[in-house]
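Reminder, nothing fancy here: chain letters follow the sequence lines and each chain counts from 1. These figures come from a predicted structure and were not determined experimentally.
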Amino acid sequence: MSAECSVAVRMYRGLLGDCFLLRIRGADKSASHVLIDCGILQGVDKASERMVAIAEDIEKATGGVLDLVIVTHQHHDHISGFGQARHILLDPERMKIRELWMAWTEDPFDDDANRLREDFSRRKFAIASFASALRASGGRDRVSELTEDLDKFIGPVELGTGPLGAAPTGRLTGDRIMDELKRVAQRVRFLSPGQVIELPGAAPLPTAVLGPPRSTSRLFKDLPSKGANKETYIAEELFTWSFLAMDSGSASPNVDLETPFARRFSKGLEQPGSDEDVEDWARDEGSVHRWLFDHYYAPADSREGRTQGYRRIDSEWTGTPSALALKLDSDTNNTSLVLAMRLPDGSFLLFVGDAQVGNWLSWHDQEYDFGDERLTAEQILGRTRLYKVGHHASHNATLRQRGLELMTHPELVAMVSTDEAVAEQQGKPPGWQMPDDEVKAALLKRCEGRLIRGDRDWATDTDVEPFRAAEAGFQNQLDEKSPLFVEFNAFAGSSPPARTKPSRGRASMDEPFSLDETKRFVARLDLPAAPLGGTAPDLVFDKAKQQAMVVGSDVLSFDVGVEADFREALTHSALLAQLAAEKQLGANPDPIAYFDTYFGFVGRLGWVTQVRDVAHYEITTDGAKVHQAILEVVTAFIGNIPGAAALVALTLKQLQAMDRDSPLITLFYRESENAQVGRFQFTTIRQDGHGGLFAEVMGFALDADKKITKVLFFELNKTRTRLRRALGTMSLNRAAIQGILPAVRARAQAHLAGNVAQLEL
Amino acid sequence: MTSATLEACANLIPKPSQRCLRVYAFDPQASTALDTAIINDETIALPWERDWEDPLEPGPVNEYVEIIDIDPPSGCFYPPLDLNHPSLLAQHGLTPSDGNPQFHQQMVFAVVMKTIRTFERALGRHVFWVRERRSPGGRAKIGERSELDFPGFVRRLRIYPHAMREENAYYSPQKTALLFGYFRGQPARDGTGGEWVFTCLSQDIIAHETTHAILHGLWRRSVESSNPDSLAFHEAFADVVALLQHFSATAVIAHQLARSGGSLRNVGLLTGLAQQFGRATGREGPLRFALEMVRQEEQALKEGKALSPDRNAGLIEPHKRGQILVAAIFDAFVSIFERRTDDLFRMSNRRRGDADQMPAELVGRLAEEAEKTADQVLRMCIRALDYLPPVDATFGEYLRAILTADADLVPLDRFGYRTAFAEAFHKRGILGEAKFCSTDTLYWEPPEPFAGGNGADSSFWNVLKELNLGVAFGTIGHNQRVQEAFEESFEGAKAYTRHGSSGRNLRDLAMMIVRANQATMHDWFQAYSPQGLDVDRQWEKMLGIRFLRDTALPSIRTNKDGEPVFEVQSVRVSRRSNPDGETLPQLIVQVVQTRRAYFDPDVQAKVDKRKLPPDHPHDFNFRGGATLIIDIRNGHVQRVISKRVWDDERLNRTRAFRLGDIGAIGFEGKRSDIPEPFAMLHRSGR
């Protein structure tokens, strides 16, 4: 118990944004690194250069391995760095991300989360594309004030080209960054409040998940509900469409500030240019201009001389986008992942992202089971020794009564990532107050001056002057030498006690993989009866070749370098999962439900789902060309995965070239033919440069108007086909796959005949 | 003998009694669907302007409102409509068209005026507008206040039919203006569609927003949120007015009643109405919610399930919470309607709900009854406003106000209206703190006699004789307060002191008299009573506020002389008639006092025990006060409805409510007063 454990928290400086690097040393002196957020406010000078410099420092400090990346929420000032320094942070050659933690709101399996993200995306997209259209429309006086603030937090939007006259397509850079992170991380965990999990790496500090709340009423008041109201347009969209005009022929929208009525109603009735001109503008007695002057522009009404200037509404309408953007901004802040890491002495490091009031309040909704103790949020706050101040110490992200005032640890330290000067340039004068005076005063008092700011040196910060003498010891814990960061030695003491029992989280995501458990699972799998007779095919797996196996309705392709053992184990696993899913769902299940079940089964066999989604497409071509069309669709789906696309294309080509009567084709045909619904899968298995194994699973469901004659070559006799696709990116647990080979081989053996065939590539 | 001039001959033609204006009964979308198109045209008949009112001018601008059609997002404005143009007089105004902004002006004008007239009829007095301080809740330092920081009467409500491009419409208490937005839906994939939708073309929205403005003018503190019911009440009341006003469109109601076989509980009819009223403007939500609530309750009762009185306690969001009240009032309305029309079904030997071959005469009579009932119910609801405490009212108190106001005016409840209300409210857990079942226990208690046998009446006489209790020449009087009020007043009032009848404006005079009465009343409360200090103490106790320096709590605001500050918010005379033709003239007085309040009870206690200075920065304002109702036929103080400013239990509740409001708990607590309370409420509360 006396072994050493230390935690150093590095806060990168000069950012109006969060980027924290934790170095945790365990008993054996080995260090692990945790990165919490990495971003800077949009539109700040030299943002990219700064973030690249920071990323280089992270690479240097970590030796290219991040044991854990925590992304609190999808705001530009928390994630932009992953985009700006993409070539460092998201390149597996330079930076290995062993594990990624995100809030449950990012979980692709969670219906609530999906609805929430969809809602956010639509709202963000509406506002962001409005802002970009405004910018593109040039500096018209009336709109210039609108562009302020709009997309500061949302981040840029990448406009794509859509069908003529359609809604603008494209996506938010933020969405893309989140997806890419999920893709490169070797393991992704989505966390829900109440969970207690251990930090991966050198010192498994138990970490409680305090937020974001699951309850939408805590998150915000008015998330569109499911069901009947789902179809109603969200305020942001209606607002956007009221200002944007689709110009046929151009893909991006233009700002439209024309009157909605026929021109004759406002002919000659434009508003005066400025208040100086207005008397001249209204000089003609009896004119409509004069009437409007008397009733609106004149400071006092002409009849009784009473003031009326206060009733003007010239700029009332410009408040709309700001109000909507602000609302969206605080809604997003409230989805912040809030973590409390318990140190060996029982004290806590508290990282709150930008959580706002609803999130803070929700921490008290549950208790936290650390195995050896059960704590309330109040107790955790009482033991907090380091508080990462929310939202750059703005007025709305630190709770007073049920928050800061509960933080009573005698050595409480607060870290504020801010750049006051930059904040003051934002918005309308006097700009954003970060830190807010009252929050700052409360923090200084509560921490007795131990307030570390990103934009100041503690040693010279005038605010802490009254406390400095008494806190000499604290100064020794600080390293402020680097212009790039300030580092605070938050803790040094005995190492964590024996591993605590992690609390139960969501199945398959959070439960540690147990080989014995999995073997039992394989042995007990409920499978259909094996066909009688037939000879099992002679399967030869070769690490050096690209290979493809037809397994039931799945075509499993292996890239060069995937070891033979794995090939065999994965082939058997895929077969067993298919059989088990069919057995469970009976004949002719809905294909998407089938894929869900399938993903569930492989998940129990060591395949860890990272990304999953479902999409619908409609293909219209003449029958003969359908296969080509589908090939294109398939290729497009996986086009962004280098290697995988080529592999699928090659596989398809081989299949296509094959004689229609070949037993292989017959097998695939039989498996995938299914009345009016056809279902087939492609799985590619590949290996990254560091030995990480990945699978891309694409399930397709074809709904044609008539019976499908032949799925494999997509010869459909009707021209309209609805194609549904379920996509899963999975990382494969090497130890698990290898460990269960004997078990899956034994169970699959009886089913190989008639279900599996090898395809020469 | 000279021949009369043509002009003089024109004087022989009597003025018309009504001005008819065409509007959409629903909204423009309804005109495109065949089954609603035939009933989508409605004509609103407004009384013609009287001689003592301002004439109707282009805008339209009249005595009460001014429509200024400026469209800032489009950078232009639309010409003011002249409703007196012969072409428009000949055809009841412009034909409904959403593509003509001048028709928008006409429709807004007509519906706003209809709503105003409804209120005036029910209240028995003029509707006035007030202006809120520049930033409610913001603390201007003494000496730095400008004219804009003070509330004041505003002559006309300003209306902007095209104020912004947003799916929103709101009443701005600071501008005393209604702002209507318009917006465009999302275009279809081929680029077509995306029609413009105008909130100023929905009768519901117009009536709703107008009600906010009227309520604010009537009852200033109502825009403050001090308990879960307060903002909800504002919303619900506005919805009730909008809902019940629809029943005056008899053609529409007849059409729907014929379809439902004369039942107002028919789900199809109700949701049909709600949808029509709110479609495309996103406002069908609240009404539908309320009607759905009624339907579910009916269902549960039919199945013998008990309704828990607490089932609505968790509804906090103002729009949703408000719908409890809408549901209760609508339920009461339907019960009364059914009781009034049961005989019609018996006489025609038909069953309610049987829509098969309804005789047109029956439908006509039903529609008539529905209109009449709606009008009566709406009047009951409006009258009750005078019987609410001036601050911090709850739904339960509103029930008591409805019942008491009605009982004072119509002593005999022949048709069981009050019972219907009490039942409908009780069903929804709105109890009005009743300890007994009988309806009369819900009436506000009459004031207790002062100790020593000296009633409030005898001392109140001292001020009653100083007040102007009528709006006519004889009442102008000459005390100093009246002179001051004249100085401040509008021209229309000053004209009453001159020869010649031109320029006289009765509403201006009424406003002047209210001002003078307010000042007189304030003086009287502040002065020591000639009958001794004891009487002052009795008044303090009865009104729940402190006038005396020695009894005042340190946290109550004081003026520079150290005297406790209080406001007399209104002194108004109302004259209402009951169905028997009897007129009930009443004087209604509202007094309010403000106390500095703190989130921390310890700090509160320290301030009140003078352990902290009285100007220690406070967290919120806590208000108390009373509504006094005096029967001016005999000078009897009939009712006193008070909320004591020293009531610490209520202070604790207010504090808890404020703390539960997410604005209050963070560091933003003190800035939580947003400048446009209704703008945000509507923006987020679809």
TODO: Give the member of Gly59(B), Ala177(B), Ala163(B), Gly99(B) that has the highest number of heavy-atom pairs under 4.5 Å with chain A.
DONE: Gly99(B)

TODO: Identify which part of Tyr78(B) has an atom lying under 4.5 Å from any heavy atom of chain A, answering side chain, backbone, both or neither.
DONE: both

- [ ] Taking the side chain as every heavy atom from C-beta outward, state whether Phe261(A) and His162(B) have any pair of such atoms under 4.5 Å apart.
- [x] yes

Open item on the list: For Phe77(B) and His295(A), I'd like to know if the aromatic rings sit close, meaning centre-to-centre distance below 6.0 Å.
Closed with: no

Task: Check against side-chain contact (heavy atoms from CB on, under 4.5 Å), Asp71(B) and Trp317(A) - done: CA-CA 10 Å; Asp71(B) 180 355; Trp317(A) 64 287; over 6 Å; no

Open item on the list: Checking Ile70(B) against Arg312(A) for the side-chain contact (heavy atoms from CB on, under 4.5 Å) test, could you report, in this order, the C-alpha distance in whole Å, the side-chain angles of both residues, the deciding distance, and whether it holds?
Closed with: CA-CA 10 Å; Ile70(B) 184 159; Arg312(A) 285 173 64 167; over 6 Å; no

TODO: Indicate whether any N or O donor in one side chain lies under 3.5 Å from an N or O acceptor in the other, for Gln308(A) and Arg158(B).
DONE: yes

TODO: Determine the interplanar angle of the Tyr160(B) and Tyr296(A) rings, folded into 0 to 90°, and report it as parallel if under 30°, tilted if 30 to 60°, perpendicular if over 60°.
DONE: perpendicular

TODO: Quick one: closest heavy-atom pair of Lys175(B) and Arg311(A), and the distance?
DONE: O-NE, 3.0 Å

Open item on the list: Let me confirm one number: the CD-SG distance from Glu258(A) to Cys76(B), rounded to the nearest 0.5 Å.
Closed with: 8.5 Å

Open item on the list: Just so I know, are the side chains of Tyr182(B) and Pro260(A) near enough to count as touching, which here means a heavy-atom distance under 4.5 Å?
Closed with: yes

Task: Minimum side-chain heavy-atom gap Pro72(B)-Gln271(A) below 4.5 Å - done: yes

Task: For chain B, the option from Asp314(A), Thr259(A), Ile313(A) that forms the most heavy-atom pairs under 4.5 Å - done: Ile313(A)

Task: Side-chain heavy-atom pair Phe265(A), Asn100(B) within 4.5 angstrom cut-off - done: yes

Task: chain B contact via Arg264(A) - which portion, at a heavy-atom distance below 4.5 Å - done: neither

